[in-house]
Amino acid sequence: MAKKILIADDEQNIVISLEFLMKREGYEVSVANDGDEAARRIRAEKPDLVLLDVMMPKKSGFEVCQEVKSNPELQSVRILMLTAKGRDTEVAKGLALGADAYMTKPFSTKELVERVRSMLAER
Amino acid sequence: MTARARFILAVCILALLMTGPFVVTVGLVWLEAGEADRARLIDVVVPHLPLGALMTIMGFTAGMAVVRNLFRHYVRGLLRMDEHLKLMHGANREFRVKPEGPPEVQALAHAVNVLAQQRDELLQDVEAQIAQAKHSVEEEKNRLAALMSELTQSVVVCNLDGRILLYNHRARQQFRALSDTPAVAGGGELIGLGRSIYAVFERNLVNHALESIQHRLRRSAAQPVANFVTTTRAGQLLRAQMAPVLSVAQGEGDERAITGFILMLDNITRTFETESKRDQMLHTLTEGNRAALANVRAAAEMLEYPDLQEELRERFRTVIRDEVRGMSTRLDETANEFADSLKARWPLEEMLGADLIAAAQRRIENVVKLPTKLEEVDEALWVKVDSFSLLQALTYLASRLSDEFEVREVRFRLTPAAGRLVHLDLIWSGQAMSTETVMSWELEAMRFADEVSPLTVRDVIERHDGEMWLEREKVRHRAFFRILLPAAVPQEQLDEATILRGESRPEYYDFDLFNWSDRSRALDDRLLSELTYTVFDTETTGLNPSQGDEIIQIGATRIVNGKLLRQESFEQLVDPCRHLPPESVQIHGITQGMLKNQPTIEAVLPAFHAFTEDTVLIAHNAAFDMRFLQLKEEATGIRFDQPVLDTLLLSVVIHPNQESHRLEAIAERLNLPILGRHTALGDAIVTAEVFLKMIPLLAAMGIRTLRQAREAAEKSYYARVKY
């Protein structure tokens, strides 16, 4: 059965690429355009992995991440945070809040795919 | 026994000695003789008795003359000498005993004079040494004050109570920027000898810094200094470095106590703004582009997949186009917005354009021996330059013009240009020259008669992030180099008025304040000579505040530690918001026109109140001025509740029998010259001088403390009221 991936990002210009990329890898892809929607969809769809942007309207990626990790039912959801901020402090915060991996924009799509693959294979 | 009594006694004894033996002998003979012998004795003696008596009287007279003479010379003479000696020893040191009388007395007088001479020499020697020591201390103080006043960093020295003992001109300027009401009080309410630094800095902040210095001292740190950055009430950012003032160690190993502290202040508001702007720009350029770059990169990488459908491919291309366009716009915006911060990083100083030109003129005239003239110099322009290298460049260009084209004179022009830039033109007239020739100078290392610079003119121009080109005025057969330089925001100019006001070096320091302590005594029991005073005067529209007369000028000066601080003064015209009676103009010389655009009393009183903080108020006929201030209490909410002294009443205390106690009359009595009467500040200064002269006069009457002065003045007030 195909793995489910949720792309949570408010920027359409990156969503197009990520969606294409993930579908091409054979994953089942759904998209959330803000923090609220992301949290809702994670609860409802229980995806295997979330590509979670930090800067989103309504709810930040950090909040969503914290919510997911504190919910025992969602233990199996992996989170790969994507951020447009290069500060070390932010990376540390994301990891502390339970993100499984962290990538700083701009990133290489090849690396992203490999990362996603390895994160899903860990289980 | 007085000398006279002793003289009379001596005479009596002489008389007894001369007559006594004869009378006794006669008595004895008389007693031993028989009846017949006695009769014969009478017959023999009596006829000779007158002769005997005469001879005795003559002998007595001669004896008395001798005694008198001895007395006059040895007793009276010595008594006189004693008086002279007392004079010599007390009132008149120069006096010498005149040697007179018998040789013994003369010898004594000589000996005394020699001793006196010796004493005088010793005294003179001691006095000379004291004077010399004082002089050298004074000289050192002056040298320090001179050094301080020339420093471009602002320095404030305080004692442990936070009272200011010393500050320099720079500090004064800086405090002006910190004042809530810079236009009115000019920072004078914040900085002044004896004022508290805690008006500017929080007490806890200073205490904390002092504590950390103490810690460092105990650990024998190499540099027992503390740094802190703080914001002031007016929102300025100050960086302060604090260093301790230590007492002289009494013995080996003694801990040296902190007796005060030195603050070196930097107003970093502007630097900080520039730096945070630079940071912001960096941030926009890096972080701001991450997201967009990610979008572009991802889209571009997607395009590499060969199995991409045409529709999707077009969408990725659109993404790339949009994002790249967005990034270009952002880049342009950032570059525009932060243009100033992007300027060359060479440290440039800000200076008045006219000063730069004047320096260039001097240098060219001295080095190249070429006459210079000014064409048009905008006096208000400030430039940001590395003046040394720029002057070198100008001189170099002038020397090439003079050497190679026999130019006889160069002229300068300084005009504003668009975009916060300045045109500096070096103009000459003469034979035509090719642009290439002239502009090639720009690329050669600058050479002068005795110096070679590693820089070229181009380097110098680049250092300023400027440009240079050649322009021609064909009609006038002239050409000029135009140099484009960055303009600076005008700085506050040195206030000439404050410099010219005092004829001597301003009294910016008073180390006697080191020994001050706030908590030692209540104000009332403090000595008049050690209090801090604000001496003030007002000019008004008339004499009846209750009938609508208003203050039109307040002038005030300060007395700290018995010294009049002329340059710590307060002088402000006030718009009375009413018509000015023409007859009052004759008194104070202030016209309606002068009061236009001046602040109203509501704006001036808070600043004046701050200026008078922690001081005793003094005015001549204080009741009058205080009445005006009190009538404003309700409207402004400002109360002047300090103790008040009145020089008029004090004058009555000192000279109760004089008719006039007008300020002029008192000043004349106390031998004070009167200058600038009937300006508020002029009168305040005279009043202050009068008060300073009164302090010793009052002390002679036993009036030493503030309480005693107030009580005496009150008494004299009631005495006057009675009449």
Side-chain angles (χ1 to χ4, degrees), chain A residues 5 7-27 29 31 33-35 50-57 60-62 80-94 101-117, chain B residues 229 272-338 341-342:
Chain A
I5 288 186
I7 300 170
D9 201 318
D10 60 318
E11 278 205 55
Q12 284 314 306
N13 282 347
I14 191 87
V15 171
I16 302 177
S17 305
L18 293 179
E19 194 179 355
F20 172 77
L21 200 61
M22 293 300 131
K23 277 187 178 157
R24 203 174 169 284
E25 289 294 308
Y27 302 122
V29 178
V31 176
N33 286 317
D34 61 56
V50 186
L51 295 177
L52 184 61
D53 184 39
V54 171
M55 296 271 285
M56 277 188 298
S60 81
F62 289 130
L80 171 52
M81 290 198 96
L82 302 175
T83 176
K85 290 193 177 162
R87 287 160 59 209
D88 294 348
T89 47
E90 207 148 331
V91 179
K93 180 176 174 183
Y102 211 106
M103 286 185 94
T104 304
K105 290 178 179 179
F107 46 77
S108 140
T109 49
K110 265 200 196 103
E111 274 173 35
L112 178 74
V113 167
E114 272 162 30
R115 200 64 173 273
V116 168
R117 244 185 238 153
Chain B
V229 173
F272 185 75
E273 275 168 8
T274 328
E275 262 170 32
S276 58
K277 235 178 163 183
R278 211 181 278 270
D279 278 356
Q280 203 187 331
M281 177 183 72
L282 261 177
H283 191 82
T284 334
L285 286 179
T286 53
E287 302 299 280
N289 281 328
R290 275 184 190 279
L293 261 176
N295 299 351
V296 173
R297 183 165 177 186
E301 285 171 6
M302 294 308 105
L303 283 176
E304 282 164 24
Y305 290 105
D307 52 346
L308 206 59
Q309 288 159 1
E310 196 46 44
E311 186 204 356
L312 216 48
R313 187 179 298 270
E314 189 45 44
R315 279 180 68 188
F316 285 132
R317 282 202 189 110
T318 314
V319 167
I320 294 172
R321 264 199 305 275
D322 287 355
E323 293 291 348
V324 170
R325 199 176 294 142
M327 283 168 71
S328 311
T329 317
R330 237 180 346 263
L331 187 73
D332 281 347
E333 281 170 1
T334 317
N336 273 336
E337 192 178 340
F338 300 106
S341 321
L342 282 170

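Letters A, B, ... mirror the listed sequences (proteins, then strands); counts begin at 1. In this text the structure is predicted, and so the values were computed from the model without any measurement.
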How would you list, by chain and number, every residue that makes a side chain to side chain donor-acceptor pair (under 3.5 Å) with A:Glu25, sequence neighbours excluded? A:Arg117
Tell me, out of A:Glu11, A:Met55, A:Arg24, who's got the most heavy-atom pairs with chain B below 4.5 Å. A:Arg24
So, the part of B:Leu312 with a heavy atom under 4.5 Å from chain A: the answer is side chain
Using heavy-atom distances under 4.5 Å, tell me whether B:Asn289 contacts chain A through its side chain, its backbone, both, or neither. neither
Could you check which of B:Asp307, B:Thr286, B:Leu308 has the highest count of heavy-atom pairs closer than 4.5 Å to chain A? B:Asp307
Residue-level interface, residues 294-302 of chain B with chain A, non-hydrogen cut-off under 4.5 Å: B:Ala294, B:Asn295, B:Arg297, B:Ala298, B:Ala299, B:Glu301, B:Met302
